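Here the structure is laid out as structure tokens; the discussion comes afterwards.
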Amino acid sequence: MRTKNPRRLTVIGLVLALSTLASITALMIRGSAWGSQTEAWIGRTDDIMGAADAVVAQLQGVISPRRAYESESDGSLLAARADSMSEIQSEVDRLARLTADNPRQQQRVDELRLLLDRVIDSRHEGGDSGEGRSPRSEVDDPSPAERDEALASEVRALAGEIRGEEERLLDQRNREGARSVSFVQPLVVSMGLVGAVLLTAVFGALLFEIGQRLAAEDAARRHAAEFEDLYNCAPCGYHSLDAEGRFVHINDTELGWLGYAREDVVGRLKFTDVVTAEGAAKFARSFPTFLEQGFVHDLDFDMLRRDGSRLAVSVSATAIRDAGGRHIASRSTVFDVTRRKRLEEELDHIFTLSQDLLCIADASGVLVRINPAWEHVLGYSLVDIVNRPFLDFVHPEDQTSTQAVFAEQIQGGNRITSFENRYRAKDGDYRVLLWNSTPVAAEGRVYASARDITERKRSEDALHSAKLEAEAANHELEAFSYSVSHDLRAPLRAIDGFSTALLEDHSEALGGDGVRHLERVRSATRRMSDLIDDLLELSRLSRRQLVSSRVDLSAIAEDVVGQLRLQESERSVEVRIQTGLVAMGDHRLLRVVLENLLGNAWKYTRKTEGAEVEMGRGVIDGVPAWWVRDNGAGFDMAYADRLFGAFQRLHRADEFEGTGIGLATAQRIIRRHGGRIWAEAAVDEGATFHFTLGPQEGLS
Amino acid sequence: MTSKYMLLIEDNPDDVDLTLRAFKKANVVNPIQVARDGIEALEFLFGEGEHSGRDVDDTPQVILLDLGLPRISGLEVLARIRSDSRTARLPVVILTSSMEERDRMQGYLLGANSYVCKPVETEAFTEAVRELGLYWMLLNELAPTG
């Protein structure tokens, strides 16, 4: 639309310019015609004036012979006069002809004729030939010569009038001509200017259009080059084949893939020459369909490179037909799908190898793809499951929740993690599956992975019931501890109390043996009381909440040793405790540990000369380890494994007293701190107890 | 009973006998009223049941309370004593075999004035009872009545 208007304007301008030129030409033609008419006019005026002059001149010849005849009556003279008369007649006729278009001049010519007739008449009548011709001659009665003279002067006057009229007309015509020239000249000039302007505009428009056309051609050439470049450098291969399947065009990309030069391929090779045998077979199989529908999409096969290696491609082709519908060529797009194939293979491997159940479900919940793990876990073959709704396999009690979660995914696009439900296996049992899944809204699909946690659930259940049992046992233990502390003590107190009463009130009746037996009863009672106390202490410490803080072990140890010295002030024991032993732990419980370890060291050096007890700190396996050493009785390492068991003793009661609970208590406390305790000893060479206390964070 | 007396709430006859013997050996001569369970103790204190008509203003100088009682527990007895204005300010000493922290905590929370664990060994037990008698019967002054 935009190019048409300028073009139309150009045409209109050109037409206008040509019209202007035509008008100028017309004006010029008219001007020159007028000129020749003017010339004709001038010529005629000259003729008329010549004729008028000739009449006047010839008149003298008519008049003069009459005078001579009058005087000489010469016959030859009369003849001359007749010639002059005929001359005058012919001149008058010429005048009449020349002035035929002018009535006024005609009138004058007629008058001239009359006058001339009178002149002639007077010649024929002689003396009275002029009678009645002229009032003046009548009145004056002049002589014939005088009458001739008078007539002649009338003729001259008339001729002069005719002449004057013509001169006036000529003058008038000249003035009209000049006026018309003064009008036409500016018109011609201005039209010439208009014509020039229009022509310039048209010329300019044409120049512009030519420029545009050149620019368009240039752009077209650039576009062509660009398209050529796009064609050649496209990330996919392009080629065209003729009806026989021979290459007609091929782009650089495809050539590069195949390793050929263009001249090796175009017109020389057929497409089937660069395809593997299987590929060619596949190509051949799809060829009829291709011919029929006119295209083929995403045909996957391998091409052969020049070096013989394979290239996995996906080809789409369009058939080109002639007017008669005959296949004459094809155009193909070739994609390198090596990477896609590899990804697919990787995916397939992972899909196949996964021990978890993997699946893809469509929006209606039908299993579109599943992996072999389904077979292993549920016992079905894959064909039993695939293309069926997964809900068919879900435990009836779990179907509502499963459907709700699935709908949430499809509608809300939410990822689901750790959703649990039960699937029916082929043997009728249910497997507990733990699902992670993610919907892909655009595809209307859900990708999911499930782990068979049936066994884990069973273990968890077992663990849970074990925990419940343990808690119940703990409650029982508490109840037991309570009854131990309360109910077992009361009878012991009664035994001891009444034994004492017997000893106090009836010692004489009992006799020496009776008293000793009762003393044994009382001793056993005390021992049992100690056992109960220790057992309760062990139980209490096991249940006590740990309160961790910075504990000064050196200070506790000094305090404990001070207590021991008070209890057995008669003993002399060399005690060396490193200063600044600090640990993170429960102050009260760690005190119990040191009471036991230092108490043992104190006890088992009772029979040792130069008893020594030491406490210090070292590092074992990168963590701090504290130790308590004595040079006392020691023990046989063969029994070391029994050392920390409750009620286990390595010494006879008559050697060293004790309930065998102290080390069990110490071990329990240390284990609760995350540490461990162990001993090194030899009989009569003392013992060293080491212990760690787990992570020591917060200890600077 | 017009003289100062103590109320021993104890279900175990052995413990009752041993306690009485210990008081006797310690020369504590004040009368000792014994209740064999929590119900009996409360009936005595509030003049009910078997003890109806008793002058309830005649309150013991101290109550020795065992915890492991049949029917209603010692702690509940303590709670009842403390919740009645007539007995709320009476000294109550828990005298028990239990060394459980929980019992000690509960006892003090319910307003026990003392908590004494009965030693198994007779000498220690006798000494404890003697000191209790001396302290609560002779040294301790009760809250003013009314």
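Keep in mind that what you see is a predicted model, and the values were worked out from it rather than measured.
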Handout entry: Residue selection (most heavy-atom pairs with chain B, distance under 4.5 Å) from Ser499(A), Gly497(A), Ser529(A)
Key =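 Among Ser499(A), Gly497(A), Ser529(A), the one with the most close pairs to chain B is Gly497(A).
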Problem - Asp14(B)/Arg493(A) salt bridge by N-O under 4.0 Å criterion - result: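 Here Arg493(A) does not pair with Asp14(B) in a salt bridge, since their nearest N and O are not under 4.0 Å apart.
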Count the heavy atoms of every other residue, nucleotide or ligand shown that sit under 6.0 Å from [atom1] of [X], and state whether that count exceeds 12.
X	atom1	answer
Lys24(B)	NZ	no
Arg671(A)	CZ	no
Glu570(A)	CD	yes
Tyr108(B)	OH	yes
Glu471(A)	CD	yes

Problem - Separation of Lys25(B) NZ from Thr500(A) OG1 (nearest 0.5 Å) - result: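 Result: 9.0 Å between the selected atoms.
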Problem - Asp15(B) side, atom CG; Arg489(A) side, atom CZ - distance, nearest 0.5 Å - result: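 Between Asp15(B) CG and Arg489(A) CZ, I get 12.0 Å after rounding to 0.5 Å.
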Exercise for the section: Would you please go through residues 118-131 of chain B and name the residues with a non-hydrogen atom below 4.5 Å from one of chain A, in numerical order? Expected result: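 Hits under 4.5 Å: Lys118(B), Pro119(B), Val120(B), Glu121(B), Thr122(B), Glu123(B), Phe125(B).
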Practice task
Provide the closest heavy-atom pair for Asp17(B) versus Phe498(A) in the form atom of the first, atom of the second, distance.
Solution key: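 For Asp17(B) versus Phe498(A), the nearest heavy atoms are CB-CZ, 4.1 Å.
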